[in-house]
Colleague: 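Shown below is the structure under consideration.
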Amino acid sequence: PIVIGAPQTRTPTVSTTGLLGSVSGALYKDLRLETRVIRWDVPQYSRPRTSVRNELSLVSNWLSKFPKGQFTINMRVIHDVRDPVPFYWTATDGVTQRVADDAQVVTAQLEIRIQSASIFYQYRNLTGRAYEQLPGLTMPPAVQIYGVRWEFWN
């Protein structure tokens, strides 16, 4: 088997600094936008140089129609972007570096709660673009997850 990672003493590292930025706020009533950016001056083991996450969400209890709080809607569209990521393998001929390509993943989520029951639906990787979490491990092109969660009490 291929061992992912390398002993700390054999993994090359350099001094690095990073910049972290975040913007979050309401666009209109319960509609919110959040953007987070991380930018390092150099990429390193298991870490991309730039990573951006944008999230547009609508989360509401719709208290004007359901004053007892027995209803919640949670809708989100998430867009993740990252630069290529270097990884190191321990091989018989020494430590080798491989790079996971850049990734752009769009995910949509919907959850509706009525009293103690929640109906949920997620569509991951809406665009179907091929991307890798680890070099050589291609993630599924599109995944849909749905179901019901329900709390039962005596």
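Positions are given from 1, in the same order as the sequence printed here.
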Colleague: I want to check something: taking the side chain as every heavy atom from C-beta on, are Q109 and I78 in contact at a cut-off of under 4.5 Å?
Modeller: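 Yes. Closest side-chain heavy atoms under 4.5 Å.
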Colleague: Among all residues two or more places apart in sequence or in another chain, which pass the side chain to side chain contact (heavy atoms under 4.5 Å, CB included) test with Q104?
Modeller: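 Result, side chain to side chain contact (heavy atoms under 4.5 Å, CB included) vs Q104: H79, V81, R129.
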Colleague: Can you name the closest pair of heavy atoms from A26 and R32 and give their distance?
Modeller: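 Looking at all heavy atoms of both residues, the closest pair is N-NH1, 3.8 Å.
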Colleague: What distance do S116 atom OG and Q70 atom CD have between them, rounded to the nearest 0.5 Å?
Modeller: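 Atom-to-atom, S116:OG and Q70:CD are 9.5 Å apart.
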Colleague: Is there side-chain contact between Q122 and Q144, with at least one heavy-atom pair below 4.5 Å?
Modeller: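 Answer no - side chains too far apart.
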Colleague: Got a second to check how far I38's CD1 is from L19's CG, nearest 0.5 Å?
Modeller: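 Going from the CD1 atom of I38 to the CG atom of L19 covers 10.0 Å.
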Colleague: When clusters are formed from ILVMFWY side-chain contacts under 4.5 Å, directly or step by step, what else is grouped with V106?
Modeller: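 Hydrophobic cluster check, V106: joined to V77, Y121, Y123, L126, Y146.
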Colleague: How far does CZ of R39 sit from OG of S51, to the nearest 0.5 angstrom?
Modeller: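 Answer for the CZ-OG pair, R39 versus S51, is 11.5 Å.
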Colleague: Could you pull out all residues at least two apart from S64 that satisfy side chain to side chain contact (heavy atoms under 4.5 Å, CB included)?
Modeller: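 Residues passing side chain to side chain contact (heavy atoms under 4.5 Å, CB included) with S64: W62.
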Colleague: Should side-chain heavy atoms under 4.5 Å link Ile, Leu, Val, Met, Phe, Trp and Tyr, which residues sit in the same cluster as Y131?
Modeller: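 Members alongside Y131: V105, M139.
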Colleague: Looking only at non-hydrogen atoms, find the nearest pair between T138 and A130 and report the distance.
Modeller: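 So the minimum-distance heavy-atom pair works out to CG2-CB, 4.3 Å.
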Colleague: Checking V59 against I73 for the side-chain contact (heavy atoms from CB on, under 4.5 Å) test, could you report, in this order, the C-alpha distance in whole Å, the side-chain angles of both residues, the deciding distance, and whether it holds?
Modeller: CA-CA 6 Å; V59 180; I73 187 165; over 6 Å; no
Colleague: Could you pull out the closest heavy-atom pair between P141 and N125, with the gap in Å?
Modeller: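 Looks like O-ND2, 2.7 Å.
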Colleague: Going through the distances and angles, do E151 and R113 end up as a salt bridge (charged side-chain N to carboxylate O under 4.0 Å, His left out)?
Modeller: CA-CA 11 Å; E151 293 180 25; R113 181 188 61 81; over 6 Å; no
Colleague: Looking only at heavy atoms, which two atoms of P135 and A100 are closest? And how far apart?
Modeller: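 Minimum heavy-atom contact is CG-N, 3.7 Å.
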Colleague: Measuring from atom CD1 of I114 to atom OG1 of T72, what distance do you get when rounded to the nearest 0.5 angstrom?
Modeller: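 Answer for the CD1-OG1 pair, I114 versus T72, is 10.0 Å.
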Colleague: Rounded at 0.5 Å granularity, tell me how far OG in S118 sits from CH2 in W150.
Modeller: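 Reported value, rounded in 0.5 Å steps: 10.5 Å.
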Colleague: Using side-chain heavy atoms (C-beta onward) and a distance below 4.5 Å, is M75 in contact with S57?
Modeller: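 M75 vs S57: side chains apart.
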Colleague: Pair R36, S22 - check side-chain hydrogen bond (donor to acceptor under 3.5 Å, both in side chains), show working.
Modeller: CA-CA 4 Å; R36 288 177 277 172; S22 177; 5.4 Å; no
Colleague: Would you please name every residue forming a side chain to side chain contact (heavy atoms under 4.5 Å, CB included) with P84, sequence neighbours left out?
Modeller: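 Listed in chain order: V99, D102.
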Colleague: Do I119 and F71 share a hydrophobic cluster, counting only Ile, Leu, Val, Met, Phe, Trp and Tyr and linking them when any side-chain heavy atoms are less than 4.5 Å apart?
Modeller: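 Different clusters: I119 never reaches F71 through Ile, Leu, Val, Met, Phe, Trp or Tyr contacts under 4.5 Å.
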Colleague: Set out, in order, the CA-CA distance, both residues' side-chain angles and the distance that settles side-chain contact (heavy atoms from CB on, under 4.5 Å) for Q44 and T16, then state yes or no.
Modeller: CA-CA 9 Å; Q44 283 193 353; T16 185; 4.0 Å; yes
Colleague: Any salt bridge (Lys or Arg N to Asp or Glu O under 4.0 Å) pairs touching residues 75-84, not counting sequence neighbours?
Modeller: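 For residues 75-84: R53-D80, E55-R76.
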Colleague: Assess whether a salt bridge exists between E111 and R149, defined as any Lys/Arg side-chain N lying under 4.0 Å from an Asp/Glu carboxylate O.
Modeller: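 Here E111 pairs with R149 in a salt bridge, since their nearest N and O are under 4.0 Å apart.
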Colleague: Picking from I145, N74, V148, what satisfies side chain to side chain contact (heavy atoms under 4.5 Å, CB included) with F120?
Modeller: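 Of all the options given, the one that passes is I145.
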Colleague: Can you tell me how far CG of L33 sits from CG of N54, rounded to the nearest 0.5 angstrom?
Modeller: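 Here the interatomic distance stands at 6.5 Å.
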